[in-house]
Each structure stands twice: as structure tokens, then as C-alpha cells.
Amino acid sequence: MSLSRDQIAARVANDIPHGAYVNLGIGQPTSVADHLPPASGVVLHTENGLLNMGPAARGEDIDEDLINAGKQPVTELPGSSYFDSADSFAMMRGGHLDVCVLGAFQVSAEGDLANWHTGAPDAVPAVGGAMDLATGARSVFVMMTLFARDGAPKLVPRCTYPLTGIGCVDRVYTDVATFELTADGVVARDLVGITPTELAQRLEVPLLTA
Amino acid sequence: MSLSRDQIAARVANDIPHGAYVNLGIGQPTSVADHLPPASGVVLHTENGLLNMGPAARGEDIDEDLINAGKQPVTELPGSSYFDSADSFAMMRGGHLDVCVLGAFQVSAEGDLANWHTGAPDAVPAVGGAMDLATGARSVFVMMTLFARDGAPKLVPRCTYPLTGIGCVDRVYTDVATFELTADGVVARDLVGITPTELAQRLEVPLLTA
Amino acid sequence: MSARICGTAAEAVAEVADGATVLVGGFGMAGMPVGLVDALLEQGASELTVVSNNAGNGDTGLAALLARGRVRKVVCSFPRQSDSWVFDDLYRSGRVELELVPQGNLAERMRAAGAGIGAFFTPTGAGTQLAEGKETREIDGRTHVLEHPIRGDVALIAAHRADRKGNLTYRKTARNFGPVMATAARHTVVQVGQVVEVGTLDPESVVTPGIYVDRVVSL
Amino acid sequence: MSARICGTAAEAVAEVADGATVLVGGFGMAGMPVGLVDALLEQGASELTVVSNNAGNGDTGLAALLARGRVRKVVCSFPRQSDSWVFDDLYRSGRVELELVPQGNLAERMRAAGAGIGAFFTPTGAGTQLAEGKETREIDGRTHVLEHPIRGDVALIAAHRADRKGNLTYRKTARNFGPVMATAARHTVVQVGQVVEVGTLDPESVVTPGIYVDRVVSL
């Protein structure tokens, strides 16, 4: 018993404040959009140069000049605006996005993020906008399964994968719990299918009680 | 017998290459525009955010939202574009203007420019875009009378007024001669109403023969 | 967070605090947010640092704010004008502090604040009085000066039209410092000629996206 | 100097020299100047440094330039894609050099080149592999990395419309790197969907002023 990706996305969506400007990273975080009703007033940013991005484009709505950061065809909503990459990243770096949601290989208890490179020697590295988002957004939310396929926890005392950003993650949404990374330590909440004791045993990160 | 301001302006205009992007500083340099026919293909820049500025606006053409750097009402020509101050000064600093024409209190033989501040203790200082233009344009032309009212030369071995920019002036157009400031020294040409000997006597700057 | 459309200029400037750094748009009178500056005068905030290209014209607007003693310091490129007598008097008698900044450095320092750039090296001003005491470095054989961001607590700017999400367009050379100031302040207040419905402005022609705008008032 | 309208892509890219640094617009295929890249392949320049967000898709365009051995070095943020097999093979076998740059630093370094900024401090990448060996500085309690301009000898970009003075408009997210690359290169070549008469484009909506454009070809 644990949350599906879709259920994690719904939890993230639920925590995004009304009217926030939000960037959803490529991959899983994209699905957060499906849980943000128009009444949320949330404005989606895509770093390739659009504010107020709409849902995926289908059929005749597909326009090769209108894509998201994952290079999938999308739509624009009324009240959108286009800008170039320098302006888009200035917006990100300048702290104007309220929230970004990213995937991760690992997150440390201090909020370090590793999500761009496995460190494997034959891997072709690619970073895209990950470091810019991690550094720039006011709040960085991570969405991931808490354990890798081999059972190793991905919330760790220290990241072993190459870092994307230092001390940048505020919250980690996983299939079994949500973690707040605070100055005092890590707080686990909203546990699903796992007891606090079990969670504490499987992680090497000390947990504070919520 | 010496050149009028208008005649100096005509000399400057004559030396501006076809199709150049040019900024004319406030005051005297503005009059260079009167000597640039449409066939010159010259595009005028004003640092408050317009390329392809047209002549002064009169009567019903006056629009308080359309002014030049001297805050006088102007017009736009077909093919113009507007941009903000950050982009305008990026354009200047980035070396995209072919020529700027500035007034000066003094110019040194090495091309140092003094044109923003007399250094008088009670003066309210004001610099505007002078330092940005002096630093950024590919060629900096100065337009001035060669001698101050008291007869002191304004082309000098070293500026005594506060500097606007270091080694930035390429050419000085005056009422009695035009001066090229080269790596080898100052070359005087196109003398009017003054002999080479007289000119050499009145300046403390050594002159090369053209 | 979303922009709020205000009914009055007073409501739009209500949050300006004593001691705030206030970025004020405009180049001369083009793009000057006259209604917002007048409302700020009424509102009463004092000990302000005003960042603006000029330092007031005649006896109204910024000049009135200066005359009433609300401004501790002016950061600008061109205070001296034919009708800047209010600033001139205060400056000469030492009653207002002046930080004179080349116009392009003024724009770029605000751009840095808005773009999250910690500091930058610029050739402008190198070797002049205005760079005295500043760190320098030779880059590509040219002396550069290290300049730091100018961040506003508040920006007061004027635009042509806004939609209800705060997206802005400007008109001709009245654009000048508005877009960069909108990015450089924690709280951006805009006076516009007209507020239009969402969907009215062409998304390709929006100059300031609504993300940079907090309060809008049509005056 | 004035932009020149060219009749063919071959004419537009004629001046690219061996060893040139070439900025290539586009984010994936949106804004990719496919016709100019194909013409560059025909033109034959080699030992190129290519600066682009990605490193080629499939077997055409940038990928074909790479496959033919014309590219010495790639500067980009995201080479690895589902169809980047050409780059992947060259990289793994050490036949192409890679400088990996966070996307925002890539854009900002080109912006610095275009804007005459000598270098800048950015928080992006601090503490990561991509900042190893770079100068750092604490600013406002945060580590910043000193980054330098990326200047192109040539930029190849795509835009939507150009007028005969080289003023450009773009379309939707195909805008991406075009405007900043146009400012960062000594020689900017643009492929557009349409060349229109001077006076057709709204001066408020021009995104790249003609001052940044050297060659235009309608493809």
C-alpha cells in the first residue's frame, strides 16, 4: 500500500498556494498540472519561454512552435506571455517563481539535490535547466519514490550522486510520506502504508515528529 | 574664419558610413541629423529606447510618450523598434552602435574624454548616458569648438576636468580642424582659417602631419 | 502571486513603508507614474531612498516628495535639469544624499537584482570619479568595475495597458525603466491607462509578464 | 551596419570560417534554423565550436554536421535526448569535446557577450561539478560562481518574420535562444518564414531590432 504517482502529484498540487507561479520539471512533475483546477489560479511557467502554459496539445492543436521544456506539444491559456531564454532564466534565477517541482535521484537531509547525473562513467551528461530551477525558485518541491528499486532510500544523510544544488529542497513528496526539510531537521508527515517506526528504521536520516 | 556649428555637423555627417547605427548625444551633436539624408541609410538610436528615430516632432505630431535623450519630442520612422533602458544600454555597452557623437569640455591626445562635470564644487553633477556611450560605441566622435572662450585649447595633453571615459575618443571635429587620435599620435586635417604652424603653436599636443 | 487590481492609487501604494527603497519609473515625464507618486506623497512614507533616472521636475511629483523632506537619498543618473530646482537646493544644502550612477549601470544594476545576478563587471565608468573605491579587474585588456544589484522594496511604474493578470504593454519611449524596475522590486505597483480583460493582450507583445506585477491601478 | 537580404541559404552562411564559434538557435526543433544548418553543412566549414541548447536530433541538421566531423566542440546544456545517437557515439568515443553548461548560465553568458558585461557572479551551479575550478565568492550569504561571456563569431537563428531592415519577430516558444544569440555574435544570420516591407512590423512588438542582424534569408 503506497501512493501512485498520480496520488503523489495530487498531494503536491494540493500544497501549491492559490495564484502561485509554478514550474513543473520534465517527467513525473508534469502530472501535477492535472490536479490544478482553473480555480487554483496557478500560472505555469515553462523555461523555454512561456508563462500560463495550458495542457498538452492534441490533434489539430499541435503546433511545432509551441512546446514545453520536455519538448512535448502544449497549449497557451488566455493571459499568457512569451519571452526568450535569457529573460526566462532571469525570471527563474531572480526568485520570481513561487514553486518548482522536480524529480530526484537523491535528496539529503540538508536539502541538497541530486537529479541530473547518475555519475556513471559512460553516461552522456545533460543538465538542462535543473540547476537553475533548483537555485532560483522560492520553494523547491521534490517528487520521487522514497526507495530505489534495490530498496536503498533516496532521502539520505549525504548525496552520493553529483549535486544539482546545495540546500535548495524545501519539501519531498514520496509514495509513502511527505518530508519537510526544516532548519531543525526532517519532519515526516502523511504516512501511507508504513509505520513511523518502520520509516525511521529504513532511513538513515533522523526524523522529527510532526 | 572658422566653421559654424552647422558646418561642423555637416563634416561629421559626411564621415558617417552608409547604413551605420548612430547615437547623437544631447546638445550640439543632435544637429548632425539634419545633414544625414534618408539615402545615407543611417539609423539613429536614442538611449531612452528607440532605434530609427525621426526628426523633431512639431504641432500635432508631438506625443509626450515619444521623446529623445534630451527629452525633446521626436518622431519614429518606418522600421523603428522600441525597447527598455536595460536593453538599450546593453546595446550600447555591447558595442553594437557603429558611431556615437558627443560634445566635450576636453579631449586628451590619448582619447580620454571629459564631458560630464566641470568639477566646480557647487555644481550639481549629472552623467546620464555619457559614460555608457563613450565606453560602448565602436567609434566615438567628439564635436566641439577647439578653444574655450578664454582661448584655452580643449584638445589637451591630459584632461583636467573629471573624466567620462579613458582612451575612448577616435576623432574630434572642431571649428578649425578635424583631429584623428591614432595609436601613433594626433593627426590634424581639413584646417579652416588657421595655418598648420599657428595650430601647432596654440596646442600643447604634438601634431603629426596627415 | 497574482496581481491585484486596485480601485485607487492610495490603495495601490498603501504598503510602502518608512525607509523603503522605491524605484520610480520614467525618463523625464515619459513613463513617470505621476498618480502613484502623488499618492505616495499623501500616504506619508518617509526616509525613502528613491531610485530614478532623474530627480524631479518643477514642483510636483518627485520634486514634491523631495520638497516635503520624505527622501533621504536619491540614486540617479541625471539630477540636473532646467527645472530641477527643488533637488538642486536640497543637494547644495546637504539635505539629501546623492548616489550618481551612469544610466546604463543604473539599468544593469536593477536588471541584476531582478535576474538574480550577484554582481557584474562592466567597463562603464572605469577610470572615472564614479568608480572610485570600487573593485576593478582587467578583462580582455580592458578595465572593468564590479557593480552590485540595486533592489527595490517597491517599484512605482507607469505602463500603457494591463490585463487582469498584470501583464503589461508600454507605449513608445515611455517604456524606458518600467520593465527593468518591475523585475527589481519585491513589490511592483503599476499605473496604467487601461485595464483590459485577460486574453486581450497579444502574448507575443506582452513586455512585462504578470509575474512581476503586484498591484495595478487605472488612472 | 544594415542587414542584407539574401536570396539563398548558401549566400547567407557564406562567411562562416573554419574554426568559428557558431551559436545555433532552437530548443529541440522549435526555433532550430534547419535550412541554415543544412547550408553550413554544404558550405564545408570545419573545426567548429557549436553553442546550442541541444546537440542534435536524429541524423539531420546539427547531427549531420557532427556526423561529418565538422564540429570540434559542443557547448550545450542538454545533449542527451532519445534521438541524440550521433552526439552520444562521438562523445563516448572521445571524438567531440563537450562543455556542459546549465541552461540559464548558457543564456546569461551569451547575454553578457551581447551586453558588454565582462563577467558575472551567478548562484547557479555553485557547489556542483559544473562549477569545479571556477572562481567563487560569497554574496549576501550565498555562494556565487564567476561566469564569463560566450561570444559567437556567427549566430544562426530562426525567426518568424523580418523586415528589410532586419527587425525580427518570433512565434511562440520558437523564440527561445534566438534573441540572445543575435546579440552575442559578431555576425548574425537569420532564416525567417517571411520578409516583409519596412513599416509592416509594429515597432512595439519587434523582439530583435535590426541592429543585431547581418543576413536574412526567407526559407
Side-chain angles (χ1 to χ4, degrees), chain B residues 16-23 36 38-54 63 65-67 74-100 129 131-140 165 168, chain D residues 1-5 23 107-120 149-153 155 159 161-170 175 179-188 195-216:
Chain B
I16 292 178
H18 184 270
Y21 287 89
V22 176
N23 184 298
L36 291 165
S40 70
V42 167
V43 176
L44 294 182
H45 170 264
T46 179
E47 61 260 38
N48 51 321
L50 168 61
L51 268 174
N52 221 10
M53 178 174 62
D63 180 333
D65 286 344
L66 180 44
I67 59 175
V74 292
T75 53
E76 64 181 41
L77 295 176
S80 61
S81 55
Y82 292 101
F83 31 83
D84 75 21
S85 298
D87 286 347
S88 186
F89 282 85
M91 192 181 283
M92 293 154 73
R93 194 189 309 106
H96 303 282
L97 292 177
D98 297 300
V99 178
C100 81
M131 289 185 182
D132 309 272
L133 279 167
T135 308
R138 285 185 203 155
S139 296
V140 175
C168 56
Chain D
M1 295 294 164
S2 305
R4 191 170 89 206
I5 311 297
L23 316 180
E108 189 69 11
R109 289 174 63 187
M110 289 190 282
R111 196 257 171 200
I117 297 300
F120 60 90
I150 297 176
R151 192 165 284 112
D153 296 303
R161 299 205 295 171
D163 71 16
R164 293 186 162 273
K165 280 193 170 297
N167 293 303
L168 306 179
T169 61
Y170 299 83
R175 188 185 301 196
V180 72
M181 286 180 171
T183 71
R186 291 184 186 85
H187 184 80
T188 292
V195 176
V196 299
E197 289 310 311
V198 168
T200 308
L201 302 179
D202 176 2
E204 304 282 4
S205 302
V206 168
V207 174
T208 295
I211 192 171
Y212 294 116
V213 174
D214 299 281
R215 299 284 180 272
V216 175

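All chains are named by letter (A, B, ...) in the order of the sequence lines, taking the proteins before the strands, and each is independently numbered beginning at 1.
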Residue list, ring-ring contact (aromatic ring centres under 6.0 Å, His included) with Tyr170(D), at least two apart or on another chain: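 Not a single residue meets the ring-ring contact (aromatic ring centres under 6.0 Å, His included) criterion with Tyr170(D).
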
Is it the backbone or the side chain of Ile211(D) that comes under 4.5 Å from a heavy atom of chain B, or both, or neither?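 Its backbone and side chain both get close to chain B.
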
Can you tell which part of Arg164(D) gets under 4.5 Å to a heavy atom of chain B, answering side chain, backbone, both or neither?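 It is neither, since no heavy atom gets under 4.5 Å.
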
What I'd like to find out is whether the side chain of Val198(D) reaches to under 4.5 Å of the side chain of Thr200(D), using heavy atoms alone.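 They are not in side-chain contact.
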
Any side-chain heavy-atom pair from Ser80(B) and Leu50(B) closer than 4.5 angstrom?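 Yes; the side chains approach each other to less than 4.5 Å.
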
Taking only residues two or more places apart in sequence, or in another chain, which ones meet Asn52(B) in a side chain to side chain donor-acceptor pair (under 3.5 Å)?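 Testing Asn52(B) for side chain to side chain donor-acceptor pair (under 3.5 Å), a comparison that skips the adjacent residues, returns none.
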
Sort His18(B) into side chain, backbone, both or neither according to what part of it lies under 4.5 angstrom from a heavy atom of chain D.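 Answer is backbone: N, CA, C or O of His18(B) sit under 4.5 Å from chain D.
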
